[in-house]
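All chains are named by letter (A, B, ...) in the order of the sequence lines, taking the proteins before the strands, and each is independently numbered beginning at 1.
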Number of protein chains: 2
Amino acid sequence: MFSKACEYGIRATIYIASRSRQGERAGIKDICKEIGAPEHFTAKILQNLSRMKIISSVKGPNGGFYLDEGAKNIKLIDVVRAIDGDKLFTGCGLGIKECSETKPCPIHNEFKAIRNSLQQMLERTSLTDLTKDLEKGLVFLKR
Amino acid sequence: MFSKACEYGIRATIYIASRSRQGERAGIKDICKEIGAPEHFTAKILQNLSRMKIISSVKGPNGGFYLDEGAKNIKLIDVVRAIDGDKLFTGCGLGIKECSETKPCPIHNEFKAIRNSLQQMLERTSLTDLTKDLEKGLVFLKR
DNA sequence: ATAATAAAGGATGTTTTTGTCCTTTATAGG
DNA sequence: CCTATAAAGGACAAAAACATCCTTTATTAT
């Protein structure tokens, strides 16, 4: 479904959002330890997300990654789009290039419905929403 | 979502089902031409599906792939499971190994709902169902 | 029997994704 | 200013996915 990069990216940004809500920045080592992801690989992903203004970062002592005020409303779909693009939401389920309403593949409509509900779910879920359950210990980012 | 192998596999088996309904077998060259897929790669996929009894084949002149009587009721999910396994239906959306009802990831329930609706769609759709629209020229397997 | 046909199977090559390592740049604190 | 820290960035390595090629086996028709 999502690429590994995207899975790590989502888990990392949720963790960052949580730390951010507590007014703290999160370093890459800490992040990867908490979400059980490979450090260097995840660092690349966060670099990209930072360049794309999904998350913010500062270098140096006490530096790290965080969500700035304007980014508190970031939704999961923003993270997914930044990492995997939107082929998941626009591409044909059977991989047919020119699949469309007028020239549909055999599962066009059924697939579209599922894809849309996935998209809607990602659109309505913000990182900050998810931190609440995380902080209550109701959900987990590793194991 | 699905692997390339799975996309080709589904398109090929739908085409085979259609030819089969007309009492014909389909050769690999013909199949790949009609679905716009790479020949040798698709041949491997069909070999696997044949070994797994999803489709049948005969060698030699007038040979080819077909659905035998007992396989006319094959559902899309059988093809997907044979090629991609069932990680799409059982795995965690965020790639967390031990994600479960008791130790859920942050999107566990939302993701499960979507996954289930995908699974149900694939379970209720048979290859033979899809051939009807194909034969009417309402849906397409390439371009 | 023999030749032609078409799938089966094995080996190999390419590309993409995933993952690691090392150097450079920016920042904070002494 | 100098040093330590932590992200940024580039180069490289491993694994998986995607794809091709060539030989073998089974079947049909002559």
Side-chain angles (χ1 to χ4, degrees), chain A residues 1-13 15-16 19-20 24-33 35-68 83-85 87-88 91 94-95 97, chain B residues 1-13 15-16 19-20 24-33 35-68 80 83-85 87-88 91 94-95:
Chain A
M1 185 81 89
F2 303 127
S3 68
K4 278 283 159 198
C6 196
E7 292 176 356
Y8 297 145
I10 294 172
R11 279 150 63 189
T13 49
Y15 179 71
I16 291 166
R19 293 289 303 273
S20 224
E24 300 169 331
R25 295 177 186 138
I28 187 67
K29 287 186 96 142
D30 178 36
I31 293 168
C32 290
K33 184 162 153 284
I35 70 173
E39 192 174 314
H40 297 286
F41 187 47
T42 306
K44 296 283 181 215
I45 297 160
L46 295 186
Q47 264 175 47
N48 288 333
L49 291 176
S50 178
R51 254 199 301 254
M52 291 171 162
K53 312 288 182 200
I54 305 286
I55 60 177
S56 305
S57 70
V58 292
K59 293 179 176 181
N62 289 312
F65 297 93
Y66 64 101
L67 289 195
D68 77 18
I83 300 174
D84 281 350
K87 61 184 183 312
L88 189 58
L94 300 184
K97 290 281 193 320
Chain B
M1 184 82 86
F2 303 126
S3 68
K4 279 283 159 199
C6 195
E7 291 176 357
Y8 298 146
I10 294 172
R11 279 149 65 189
T13 49
Y15 179 71
I16 291 166
R19 293 291 301 275
S20 223
E24 299 169 332
R25 294 176 187 140
I28 187 68
K29 286 185 96 141
D30 178 37
I31 293 169
C32 290
K33 184 162 154 283
I35 71 172
E39 193 173 313
H40 298 286
F41 188 47
T42 306
K44 295 284 181 214
I45 298 160
L46 296 186
Q47 264 175 46
N48 288 334
L49 291 176
S50 177
R51 255 198 302 251
M52 291 171 162
K53 311 289 182 200
I54 305 287
I55 60 177
S56 305
S57 70
V58 293
K59 293 180 177 181
N62 289 310
F65 297 93
Y66 65 100
L67 287 196
D68 78 17
V80 173
I83 301 175
D84 281 351
K87 61 185 183 313
L88 189 57
L94 299 184

* Asked: What residues, two or more places apart in sequence or in another chain, satisfy side-chain hydrogen bond (donor to acceptor under 3.5 Å, both in side chains) together with B:Y8?
  -> none
* To do: Take atom CD1 of A:I55 and atom P of D:dA8, then tell me their distance rounded to the nearest Å.
  => 8 Å
* To do: Taking only the side-chain nitrogens and oxygens of B:S50, find out if one of them lies under 4.0 Å from OP1 or OP2 of C:dA7.
  => no
* Structure fact -> Contact string for nucleotides 20-30 of chain C, one letter per nucleotide 5' to 3', B = base within protein heavy-atom range under 4.0 Å, S = sugar-phosphate only, - = neither, reads BB---BBBBS-
* Structure fact -> Taken to the nearest whole Å, CZ/B:R11 to C1'/D:dC18 is 14 Å
* **Whole angstrom value for the distance that separates P of D:dG9 from CD1 of A:I28** => 14 Å
* Asked: What's the CZ-P distance between B:R19 and C:dA6, to the nearest Å?
  -> 12 Å
* Partner residues of A:E7 under the side-chain hydrogen bond (donor to acceptor under 3.5 Å, both in side chains) criterion, sequence neighbours left out -> A:K4
* **Test item: B:T13 side-chain N/O and B:G9 main-chain N/O as donor-acceptor pair under 3.5 Å** => yes
* For A:S56, enumerate each residue passing the side-chain contact (heavy atoms from CB on, under 4.5 Å) test, keeping only those at least two apart in sequence or located in another chain. => A:Y66, A:D68
* Asked: To the nearest Å, how far apart are B:K4 NZ and C:dT15 P?
  -> 16 Å
* Asked: Can you name the side-chain contact (heavy atoms from CB on, under 4.5 Å) partners of B:S3, sequence neighbours left out?
  -> B:A5, B:C6, B:I83, B:D84
* **side-chain hydrogen bond (donor to acceptor under 3.5 Å, both in side chains) partners for B:R25, two or more places apart** => none
* Report the distance from atom CG of B:N48 to atom C1' of D:dA17, rounded to the nearest whole Å. => 14 Å
* Structure fact -> Computed from five pairs at either end and rounded to 10 degrees, the angle between the axes of the helix from C:dA1-D:dT30 to C:dG30-D:dC1 is 10°
* Quick one: A:I54 CD1 to D:dA7 P, roughly how many Å, whole number? -> 19 Å
* Asked: What residues, two or more places apart in sequence or in another chain, satisfy side-chain hydrogen bond (donor to acceptor under 3.5 Å, both in side chains) together with B:E24?
  -> B:R19
* To do: Please answer whether the main-chain N or O of B:C32 pairs with a side-chain N or O of B:T42 as donor and acceptor at a distance below 3.5 Å.
  => no
* Indicate whether OP1 or OP2 belonging to C:dG19 is found under 4.0 Å from a side-chain N or O atom of A:Y8. => yes
* Rounded to whole angstroms, how far apart are CG on A:D30 and P on D:dA6? -> 10 Å
* According to a strict under-4.0 Å criterion, is B:S57 in side-chain N/O contact with OP1 or OP2 of C:dA8? -> yes
* To do: Report which part of the nucleic acid A:A37 touches: base, sugar-phosphate, or nothing (heavy-atom distance under 4.0 Å, all strands).
  => nothing
* For B:A43, all residues meeting side-chain contact (heavy atoms from CB on, under 4.5 Å), sequence neighbours excluded -> B:I28
